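First the structure, in the form of structure tokens, and then the observations on it.
As the structure is a computational prediction, the values presented were derived from the model and not from experiment. In what follows, residues are counted from 1 in the order of the sequence shown. Heavy atoms only: backbone and side chains are in, while hydrogens, waters and symmetry mates are out.
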Amino acid sequence: MKSVHLLLLLFCQSVSLMAQSELAIDGRFEDWAAIPLIVDDSKPEAVQGAIDLLQLGIADNDEYLHFYLKVDQEILWQGENRITIYLDTDDDPSTGEEIGGIGADLSFTFGERRGQLLEGKDTLALEFQHLGLVGAPSTTSAHFEWAFSWGAKAEGGQMTLPKKPFRLVIVDEVGGDMLPDEDGLRYIPTLKSRSPLPEVTFERQDSNHLRLLSHNVNRRHFHPEKKDAFTRVYQALSPDLLLLQEAYKGSADEILEYFQPALPPSRSGNWYAYRSGAEATVLLSPYPAKAVVPLGNSAAYLLQLPGHKEPQLALIALSMPCCRQDSARQAEADQILAFIRDLQTPGGTFNLPKGTPIMLAGDANLVGLKRQYHTLLEGSIQDETTYGKAFSPDWDSTPLKDLHPPHFQRPHTYTWRGNGFFPGRLDYVFYTDSVLKIGHHFVFDTVGLPKATLEKYNLQEMDAPNTYKHMPLVVDMVLE
Ligand SMILES: [Ca+2]
Ligand SMILES: [Ca+2]
């Protein structure tokens, strides 16, 4: 009944892909174009309401095991589904749980964010950390990519993913669809070496570049036991503009006084400190703000650079409603875009000289419907009655650009790492790329940096997580 097209699955359904995996878990899927699909069951089956599993891709290197999955509808990957991967990690159908022709020794249900490992007669509970799981996107989507880490370990130290051939099936436990639909799939890893890491340098490419550091500190900024970690991180990153979110404690001036010793000398000789928005965004800046505008939980700062009467940079601090508040988050995205339209249109409350760079940076909390992402990027306002017509928010009537700052030490772009949910890209930089060039940019994490790098920048390996679960985003602006 299914037309399963098994590419490369000649003899015993064994697969060993020649394609080397240099894949990034970033919610973009162009990188999978070079990887042959392992299962392509693209013909949708009309099972009312149930999820149809359509395509599966697998690739690996000596560090990660990568997966691509396409389904027939937009779903939330880490909630509200019961899609389960079953792995026969000892490649022995006679051991483990019998399902789809394999003997599964390990299973993980993505929508429940938990799984289990069978060890002899014992069943051990697994969370995402025990598989080294990183996935994207964190919004709803019809396709997902994720990586497991070889040699990841369960709570008690048992290896969950040994580096050797295995069998698998993926099942939607609700509707019953299965990929592949019979006899499982056997995968022989290539275990090829990853490309060498890029050189880790935090310095600006040019000393004139204006560096913004965005960091959701969620009330942790004044914790005495975190002061050293915050100080080392900000000293290593040397921001010109420090943009904090959820800095509820202390006035803007108190926060400036507290962090100034960790910051480089101000570019103007002066420091200005502002705070706005219901989630306490705080901006420490060498340049004064001509206007500070609360936008729900978020806020806008219109900065006046030396020698100019009008604002030369519009910085919008994102701190959008969290978690399951999809409608509040959408309303705030609409409100922010309506504000950008006002900036760009003569009349109204605020005006910017044509071509003034606009940047949105901060915690967008995009963990629900992907519409919010499209609103921020493309101006697709949902509530046009309240916030006006959809429009293209760059000055040349195109969408903004999503910067996608990368990590140095791993091919991932998540900006939040905590317990309970998978690591996710919650923090974003969107900007008017028709009028603004960007220099160096990255997600800052100390975990997994080479020892020499940590020493060079006077950092300790746990400094980033010891500040907070959100990682700093660093972006250098090339202003005229
Ligand atoms: Ca990707
Ligand atoms: Ca087995």
Side-chain angles (χ1 to χ4, degrees), residues 25-27 64 67 69 74-85 87 106-117 123-141 144-149 152-158 160-161 173-174 215-220 223 226 229 245-246 248 279 297 318-329 362-370 372-373 407 410 412-428 443-448 462 464-473:
I25 303 300
D26 55 4
Y64 301 108
F67 294 88
L69 180 69
E74 285 182 6
I75 59 168
L76 208 52
W77 186 231
Q78 49 181 316
E80 298 162 17
N81 74 73
R82 284 184 59 214
I83 296 173
T84 302
I85 185 168
L87 295 171
L106 186 159
S107 65
F108 192 85
T109 304
F110 296 100
E112 295 177 346
R113 303 185 300 278
R114 61 194 166 102
Q116 56 183 39
L117 178 69
T123 303
L124 309 174
L126 294 180
E127 294 186 54
F128 76 87
Q129 294 95 327
H130 305 131
L131 294 164
L133 169 61
V134 173
S138 54
T139 61
T140 53
S141 176
F144 297 92
E145 56 183 348
W146 72 93
F148 292 145
S149 292
K153 292 196 167 89
E155 194 90 61
Q158 302 85 349
T160 50
L161 284 174
E173 311 274 14
V174 178
H215 195 189
N216 182 337
V217 295
N218 194 349
R219 302 173 170 83
R220 309 300 199 276
H223 281 200
K226 292 178 178 289
Q245 297 105 54
E246 300 200 60
Y248 294 100
E279 281 198 351
N297 292 357
L318 298 173
S319 191
M320 291 170 52
C322 165
C323 319
R324 299 178 72 94
Q325 300 179 67
D326 265 304
S327 52
R329 198 157 51 234
D363 182 6
N365 263 323
L366 299 181
V367 295
L369 298 173
K370 77 172 184 185
Q372 299 140 26
Y373 173 77
H407 290 230
R410 51 184 87 89
H412 302 148
T413 57
Y414 62 80
T415 67
W416 179 94
R417 174 182 47 210
N419 293 320
F421 291 91
F422 308 159
R425 190 161 82 108
L426 273 55
D427 302 80
Y428 286 77
V443 179
F444 176 79
D445 185 18
T446 43
V447 177
M462 292 309 285
N466 281 346
T467 60
Y468 187 47
K469 296 178 218 173
H470 281 268
M471 299 163 188
L473 288 185

Is it true that [Y] and [X] share a donor-acceptor pair across their side chains at a distance under 3.5 Å?
{"X": "Arg410", "Y": "His407", "answer": "yes"}
{"X": "His470", "Y": "Asn218", "answer": "no"}
{"X": "Gln78", "Y": "Arg113", "answer": "no"}
{"X": "Glu173", "Y": "Thr84", "answer": "yes"}
{"X": "Asp26", "Y": "Thr413", "answer": "no"}
{"X": "Asn216", "Y": "Gln245", "answer": "no"}
{"X": "Asn419", "Y": "Gln129", "answer": "yes"}

Side chains of [X] and [Y] in contact at under 4.5 Å (non-hydrogen atoms):
{"X": "Arg220", "Y": "Lys226", "value": "yes"}
{"X": "Trp416", "Y": "Arg425", "value": "no"}
{"X": "Val443", "Y": "Pro472", "value": "no"}

Begin from the C-alpha positions of Ser141 and Glu74 and carry the test side-chain contact (heavy atoms from CB on, under 4.5 Å) through to its verdict.
CA-CA 4 Å; Ser141 176; Glu74 285 182 6; 5.6 Å; no
Quick one: which of Asp326, Thr139, Thr140, Asn365 gives a side-chain hydrogen bond (donor to acceptor under 3.5 Å, both in side chains) with Gln372?
Asp326
Can you classify the ring geometry of Phe148 versus Phe110 as parallel (below 30°), tilted (30 to 60°) or perpendicular (above 60°)?
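The arrangement is parallel - the two ring planes meet at less than 30°.
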Closest contact, heavy atoms only, [X] versus [Y]:
{"X": "Gly135", "Y": "Trp146", "value": "CA-CB, 3.8 Å"}
{"X": "Leu126", "Y": "Ser107", "value": "CD1-O, 4.4 Å"}
{"X": "Ala364", "Y": "Tyr428", "value": "CB-CD1, 3.8 Å"}
{"X": "Leu426", "Y": "Ser138", "value": "CD1-OG, 4.4 Å"}
{"X": "Asp445", "Y": "Ala464", "value": "OD1-CB, 3.5 Å"}
{"X": "Ser149", "Y": "Leu161", "value": "O-CD1, 3.7 Å"}

Is the distance between the ring centroids of His412 and Tyr64 less than 6.0 Å?
yes
Out of Leu117, Thr160, Ile85, which residue meets the side chain to side chain contact (heavy atoms under 4.5 Å, CB included) rule with Leu131?
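Only match with Leu131 under side chain to side chain contact (heavy atoms under 4.5 Å, CB included): Thr160.
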Which of these passes ring pair (Phe, Tyr, Trp, His ring centres under 6.0 Å) with Trp77: Phe144, Phe108, Phe421?
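So the option named by the test is Phe144.
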Has the side chain of [X] got a donor or acceptor atom that lies under 3.5 Å from a matching backbone atom of [Y]?
{"X": "Asn81", "Y": "Gly111", "result": "yes"}
{"X": "Ser319", "Y": "Asp363", "result": "no"}
{"X": "Arg329", "Y": "Pro321", "result": "yes"}

How long is the gap from [atom1] on [X] to [atom2] on [Y], to the nearest 0.5 Å?
{"X": "Ile75", "Y": "Glu80", "atom1": "CD1", "atom2": "CD", "value": "9.5 Å"}
{"X": "Glu145", "Y": "Phe67", "atom1": "CD", "atom2": "CZ", "value": "13.0 Å"}
{"X": "Phe422", "Y": "Arg417", "atom1": "CZ", "atom2": "CZ", "value": "16.0 Å"}

Kindly determine whether Arg219 and Glu246 satisfy side-chain contact (heavy atoms from CB on, under 4.5 Å), including the steps that lead there.
CA-CA 6 Å; Arg219 302 173 170 83; Glu246 300 200 60; 4.0 Å; yes
Before giving the answer on side-chain contact (heavy atoms from CB on, under 4.5 Å), spell out for Phe444 and His215 the whole-Å C-alpha distance, their side-chain angles and the decisive distance to 0.1 Å.
CA-CA 10 Å; Phe444 176 79; His215 195 189; over 6 Å; no
So does Gln158 have more than 12 non-hydrogen atoms from other groups sitting under 6.0 Å from CD?
yes
For Lys153, I'd like to know if atom NZ has over 12 heavy atoms of other residues, nucleotides or ligands within 6.0 Å.
no
Going through the distances and angles, do Leu69 and Ile83 end up as a side-chain contact (heavy atoms from CB on, under 4.5 Å)?
CA-CA 11 Å; Leu69 180 69; Ile83 296 173; 4.3 Å; yes
